Amino acid sequence: MAGFDHKTLDAKWQAFWEREQTFLTPTDRTRPKYYVLDMFPYPSGDGLHVGHPKGYTATDVVARAKRMMGFNVLRVMGWDSFGLPAERRAERTGEHPSVITARNIATFKSQLQKLGLSYDWTRELATSDPTYYKWTQWIFELLFERGLAYRAEVPVNFCPALGTVLANEEVKDGKYIETGDDVEKRLMKQWMLRITEYADRLSEDLTGLDWPPGTHTAQFEWIGKSIGANVVFKVVGSDHPITVFTTRPDTLFGGTWVVLAPEHPLVDQITTPEQRAAVAAYRDQVGKRSERDRTTEAADAPKTGVATGAFAINPVTGKQIPIWIADYVLASYGTGAVFACPAHDERDHAFATKFTLPIIEVVKGGENVQVAAYTGDGPHVNSDFLDGLDIDAAKEKVIGWLEAHGLGSKSIRYKLRDWLFSRQRYWGEPFPTYELPDGQVKLVPKSDLPVALPQIDEYKPTRDGQPPLARAKDWLPVTDKETGQVAMRETNTMPQWAGSCWYYLRFISPQLTDQPWDREEEKYWMPVDLYVGGNEHAVLHLLYARFWHKVLYDAGFVSTKEPFQRLFHQGMIHKTSYREPKSGKYHYDHEVEQRDGAWYVKGTNDVVETKLDKMSKSRYNVVNPDDMGNEFGADAMRMYELFMGPLEDGVEWETSGVAGTRRFLDRVWRLLVVPADPSSGIEADTLSGKVSEDAPRDNKDLERTLHAAIKKVTAAVTDLRFNTAIADMMVFVNEATKATAIPRDWFEMFVKILSPFAPHIAEELWQRLGHTTTITYEPWPAHDEAKLARDVMVIAVQVLGKLRGQIEVPPDATEATILAAAKADHKVQQFLAGKPIKREIYVKGRLVNFVV
RNA sequence: GCGAGCGUGGCGGAAUUGGUAGACGCAUGGCUCUUAGGAAGCCACGUCGUAAGACGUGGGGGUUCGAGUCCCCCCGCUCGCACCA
């Protein structure tokens with residue numbers, strides 16, 4: 001054995017931490033706090049792959065280092081345990097989802113524990129636990145009481161053949177993508193959350209957050225605030241005017257027709273008898289398309305539409321313009337009606353081209369607006385009182401004019417829609433509501449929470465398409481205490497997002513039974529100082545959680561406006577997958593071989609395609625962290641996860657890289673320990689004697705690399721740039737391996753900075769150095785800037801920007817002596833060769849450049 | 001289509017932010033030790049060249065004493081967004 005016995009060490013120290021409760025959250029409140037949080041996983045049946053621990057290892061290094069730096073650290077893990085896969089499995093096997101979920105959680109937990117992650121497991125929680133979802137329901141009641149939860153008839157994708165509701169993603173061209181069964185729009189009463197009420201604050205408060213710019217932008221654009229105007233178009237021969245929303249009221253003079261969404265209520269009233277058949281046919285055709293399909297076409301895609309035969313009056317020109325219907329206008333956005341200005345809008349231009357409608361230029365600056373729309377700025381033309389103004393000035397003026405004439409007003413719209421909060425599933429939080437015979441909806445009294453999920457015999461929807469909870473016949477009726485009437489419980493459940501909207505608060509006091517969290521503790525711990533997770537949650541989860549948090553803030557239950565002060569997305573770990581193109585069959589990497597630059601199934605001529613893919617069981621490219629831990633140890637595995645490359649980058653897993661970090665740890669081990677080697681007569685480990693109190697302290701190279709590593713690792717805890725910090729630790733160990741002796745305090749400093757990365761071996765080394773307590777709370781070493789200086793400065797000498805030599809000078813050498821020394825260098829002299837020096841450039845401590 | 005980002009050895013990646021390109025690691029080759037295998041240690045490792053040296057960060061051009069880094073054009077890849085009025 002050339003190094004340490006990782007199996008013994010990993011088990012020994014994991015047992016020690018558990019026995020000593022080393023990672024129990026501290027209770028004194030005098031020290032500064034640090035709340036570091038991982039996005040908690042959905043405990044899938046597949047277990048962990050090596051991609052999961054990347055983020056968890058990064059946060060673990062931060063947590064462990066912060067503890068040593070004197071912070072009280074809140075470091076916790078839980079389970080986002082409601083969700084579809086467990087329900088689907090239950091449908092197949094009849095096993096209760098809670099049983100499936102509990103088993104998966106046990107697997108995940110044991111896999112995580114084998115990595116030595118320093119979670120306070122006494123705070124573990126699961127969103128599907130009634131003691132947890134009791135408070136999810138409690139927050140829902142708060143939303144309801146504040147007018148932010150309401151019920152609405154919402155069209156859902158209903159598949160009669162399957163008797164179930166489908167997500168938009170599952171429907172294409174009116175068919176279920178899996179089976180091809182017809183899908184119809186069916187109105188269902190659904191819970192909605194009024195997130196749009198918080199649109200402005202969700203947008204504005206992003207500014208103060210330390211978030212990746214991409215995520216910041218994604219949320220900002222998702223909310224999609226646009227400022228414009230509502231403009232009233234009178235309809236010829238009708239009392240019902242059309243209100244359109246536009247962000248370009250300045251182009252009204254170029255407005256040559258109006259388009260209504262096919263579903264617009266006015267369509268029936270205004271369509272002329274001649275056009276009725278065409279309109280009906282078009283509406284029928286559009287009705288089959290989902291809104292998603294309608295909105296996933298390019299702006300310049302060919303347009304469809306039908307004229308209603310009716311005419312509207314352009315409010316600024318007074319001219320009559322035709323009214324059309326077209327599917328690119330959506331009933332659910334704006335007012336469901338637009339006016340078209342083909343000269344300055346791509347969609348309108350495509351429409352005008354298709355149906356030969358007039359195009360009037362009103363902003364100068366483009367080429368020929370008959371050929372292509374011009375969307376840039378410029379002076380207005382053909383626009384009466386707007387002529388000569390730029391877009392901003394024209395907008396302001398025309399809105400003033402519209403308001404003065406009662407024909408419109410300034411208006412703000414958001415892309416963000418209210419949040420559809422009902423799911424027709426079993427494995428989710430039941431709504432704490434019931435409906436009286438008269439349709440009135442009431443909340444279950446808070447003292448009766450939680451409304452627990454009832455047992456049912458089958459997890460499928462009912463024959464008539466009711467959600468699975470409708471099968472719980474005994475559970476459905478409930479007596480309203482106020483009126484004595486028998487009411488019916490809600491059969492929808494909440495979406496998976498619900499539980500993850502507030503779990504970071506429950507971690508603060510997860511065992512509390514009479515409150516969701518302790519208010520004083522919340523003031524101490526919030527906000528989350530560092531939140532790490534994948535960027536697939538850039539919008540939905542992170543936006544929904546912010547929304548709930550703001551509601552809780554308004555209600556006085558939390559003390560911060562925002563939950564997550566700093567956000568970081570770790571990159572995904574990929575692995576090559578091998579797939580036979582014909583059959584679509586995947587192969588493990590040991591089943592394939594490379595010949596003449598192509599890949600084949602071993603021993604055959606069957607070609608396989610290679611692709612760098614996400615790890616997934618179905619692609620046969622999963623690397624299991626348990627295998628890595630068994631072969632190389634948890635510490636080597638942890639270090640490789642962070643050494644692979646920058647944390648935010650997606651990289652390919654290379655198992656040979658783990659062997660490299662393992663070799664590094666073996667080298668560290670041998671600095672202190674001579675490993676037992678029975679074959680050469682050494683029966684037990686002994687201390688090497690290399691690390692000693694009286695080792696000479698004049699090894700400047702060793703001291704410098706130590707302090708450089710301390711500096712880099714300390715910075716890495718803040719920057720989350722671990723790969724180069726590990727490289728610097730390797731440099732120190734290479735230097736220490738060369739040294740004949742290492743002062744004991746230097747080695748101890750190194751073991752301390754190593755400990756967040758490789759805690760098992762660090763604890764063992766610490767103990768063998770004679771310490772009796774854990775290294776977890778040892779004070780973090782500080783680097784000494786003076787010790788980073790070298791005895792000699794190496795200065796590069798360039799002539800005309802090309803490297804021609806190097807000189808060594810004392811660190812305190814003046815510029816003049818350095819320049820003189822550089823000129824004296826014989827190699828440099830060859831290139832100067834009597835030519836006059838025009839310029840001498842000296843970059844402090846780095847280089848000299850002569851221009852000749 | 002629009003937007004953002006990226007392109008560096010056989011591979012993952014470094015580069016003090018305009019100052020010695022290739023740190024650290026993987027893979028590979030050589031040597032030492034070893035009965036052997038393995039481990040460990042040492043050395044080499046961008047290309048061409050015996051060497052001096054020349055060339056070299058996707059390609060082309062520019063700014064500069066000096067460019068992987070800044071500017072312009074092109075090529076390629078990745079990730080977002082996708083008729084939002």
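Predicted model, so just to flag it, every value in this text is computed and none were measured. Residue numbers start from 1 in every chain, and the chains themselves are labelled A, B, ... in the order their sequence lines are given, proteins ahead of strands.
Cation-pi geometry between R413(A) and F245(A) is met: the NZ or CZ atom falls under 6.0 Å from the ring centre, inside 45° of the normal. Under the 6.0 Å distance and 45° angle rule, K303(A) does not count as a cation-pi partner of F355(A).
Comparing the same atom, C1', in rC43(B) and in rC33(B) gives a spacing of 15 Å after rounding to whole Å. Separation of the P atoms belonging to rA54(B) and rG37(B) is 45 Å when rounded to the nearest angstrom. Comparing rA52(B) with rA67(B), their P atoms sit 24 Å apart, to the nearest whole Å. Distance noted for atom C1' between rA15(B) and rG41(B): 29 Å (whole Å). For the P atom pair drawn from rU50(B) and rG1(B), the interatomic distance equals 49 Å after rounding to whole Å. rG68(B) and rG46(B) are spaced 14 Å apart, taking the C1' atom of each and rounding to whole Å. With both ends at atom P, the span from rA14(B) to rG30(B) equals 31 Å, rounded to whole Å. Spacing between rG18(B) and rG13(B) at atom C1', rounded to whole Å, works out to 22 Å.
For V651(A), taking side-chain heavy atoms from C-beta onward, the closest of the listed nucleotides rG53(B), rC84(B), rG13(B) is rG13(B). Between rG41(B), rA85(B), rC24(B), one nucleotide has an atom nearer to the side chain of R670(A) than all others, and that is rG41(B). The side chain of V731(A) approaches rC24(B) more closely than any other nucleotide in the set rC55(B), rU20(B), rC24(B). Taking every side-chain heavy atom of V338(A) into account, rA85(B) is the closest of rA85(B), rC24(B), rG13(B). Here the side chain of I841(A) is nearest to one of rC84(B), rC42(B), rG19(B), namely rG19(B). Side-chain atoms of K738(A) lie closest to rC42(B) of the nucleotides rC42(B), rC65(B), rC84(B). Distances were taken from every side-chain heavy atom of F831(A) (C-beta onward) to each of rA85(B), rA15(B), rG53(B); the shortest belongs to rG53(B).
Between the NE2 atom of H264(A) and the C1' atom of rA85(B) there is a distance of 13 Å, rounded to whole Å. In this structure, NZ of K415(A) is placed 7 Å from P of rA85(B), rounded to the nearest angstrom. Residue Y414(A) contributes atom OH, which lies 13 Å from atom P of rA85(B) at whole-angstrom precision. rG38(B) atom P lies 17 Å from atom CG of D666(A), rounded to whole Å. Here rG12(B) presents its P atom at 11 Å from CE of M644(A), a figure rounded to the nearest Å. Look at OH on Y842(A): it is 14 Å from P on rU20(B), rounded to the nearest Å. The CG-C1' distance, from D728(A) to rA23(B), rounds to 8 Å in whole Å. Rounded to whole angstrom, the span from the CD1 atom of I795(A) across to the P atom of rU20(B) amounts to 11 Å.
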Tabulated below should be each protein N or O lying under 3.5 Å from an N or O of nucleotides 3-8 of chain B; please produce it.
none

Which atoms of nucleotides 25-28 of chain B (N or O only) lie under 3.5 Å from a protein N or O atom, and what are those distances?
residue: rG25(B); atom: OP1; partner: N734(A); partner atom: ND2; Å: 3.2
residue: rC26(B); atom: OP1; partner: R663(A); partner atom: NE; Å: 2.9
residue: rC26(B); atom: OP1; partner: R663(A); partner atom: NH2; Å: 2.8
residue: rC26(B); atom: O2'; partner: S656(A); partner atom: OG; Å: 2.9
residue: rA27(B); atom: OP2; partner: R663(A); partner atom: NH2; Å: 3.1

Which protein N or O atoms sit under 3.5 Å from an N or O of nucleotides 16-18 of chain B?
residue: rU16(B); atom: O2; partner: R846(A); partner atom: NH1; Å: 3.1
residue: rU16(B); atom: N3; partner: R846(A); partner atom: NE; Å: 3.3
residue: rU16(B); atom: N3; partner: R846(A); partner atom: NH1; Å: 2.6
residue: rU16(B); atom: N3; partner: R846(A); partner atom: NH2; Å: 2.6
residue: rU16(B); atom: O4; partner: R846(A); partner atom: NE; Å: 2.9
residue: rU16(B); atom: O4; partner: R846(A); partner atom: NH2; Å: 2.2

Could you list all N or O pairs between the protein and nucleotides 66-71 of chain B that sit under 3.5 Å apart?
none

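A donor-acceptor pair is defined here as one N or O able to donate and one able to accept, closer than 3.5 Å; such a pair exists between the side chain of N314(A) and the backbone of G255(A). Proximity of a side-chain donor or acceptor of K410(A) to a complementary backbone N or O of N230(A) within less than 3.5 Å is not detected. T247(A) places no side-chain N or O within donor-acceptor distance of the main-chain N or O of S226(A), the cut-off being under 3.5 Å. Between the side chain of T661(A) and the backbone N or O of A636(A), at least one donor-acceptor pair lies under 3.5 Å. Checked by atom type and distance alone, the side chain of R638(A) pairs as donor or acceptor with a backbone atom of P756(A) at under 3.5 Å. For the pair D418(A) (side chain) and T196(A) (backbone), a donor-acceptor distance under 3.5 Å is present.
Listed by residue number, the members of residues 211-228 of chain A with any heavy atom below 4.0 angstrom from RNA chain B are S226(A).
Taking only side-chain nitrogens and oxygens, K303(A) never comes nearer than 4.0 Å to OP1 or OP2 of rA85(B). In terms of phosphate contacts, R417(A) brings no side-chain nitrogen or oxygen within less than 4.0 Å of OP1 or OP2 of rC84(B). Phosphate proximity of rA15(B) to R721(A): present, with a side-chain N or O under 4.0 Å from OP1 or OP2. In this structure, N535(A) does not reach the rG80(B) phosphate: none of its side-chain N or O atoms is under 4.0 Å from OP1 or OP2.
Shown here, rG9(B) is classed syn by the O4'-C1'-N9-C4 or O4'-C1'-N1-C2 angle, which is within 90° of 0.
Of all non-hydrogen atoms in A716(A) and A725(A), the two that sit nearest each other are CB-CB, 3.7 Å.
Side-chain contact annotation: N734(A) with R667(A), donor-acceptor N/O pair under 3.5 Å present.
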Between K823(A) and E840(A), is the salt bridge (charged side-chain N to carboxylate O under 4.0 Å, His left out) condition met? List the steps. CA-CA 10 Å; K823(A) 278 181 234 172; E840(A) 298 172 348; 2.7 Å; yes
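Checked against a 6.0 Å centroid threshold, the rings of W211(A) and F568(A) do not count as neighbours.
The residue V843(A) sits close to a base: some heavy atom pair falls under 4.0 Å. Nucleic acid contact for V329(A): base, since at least one base atom lies under 4.0 Å from a heavy atom of the residue.
Consecutive Watson-Crick or G-U pairs involving RNA chain B, each under 3.5 Å on both distances, make up stems of three or more pairs at B:1-7 with B:75-81, B:10-12 with B:24-26, B:28-32 with B:40-44, B:46-48 with B:53-55, B:58-62 with B:70-74.
From H574(A), atom NE2 reaches atom CE of M615(A) across 9.5 Å, with rounding to the nearest 0.5 Å.
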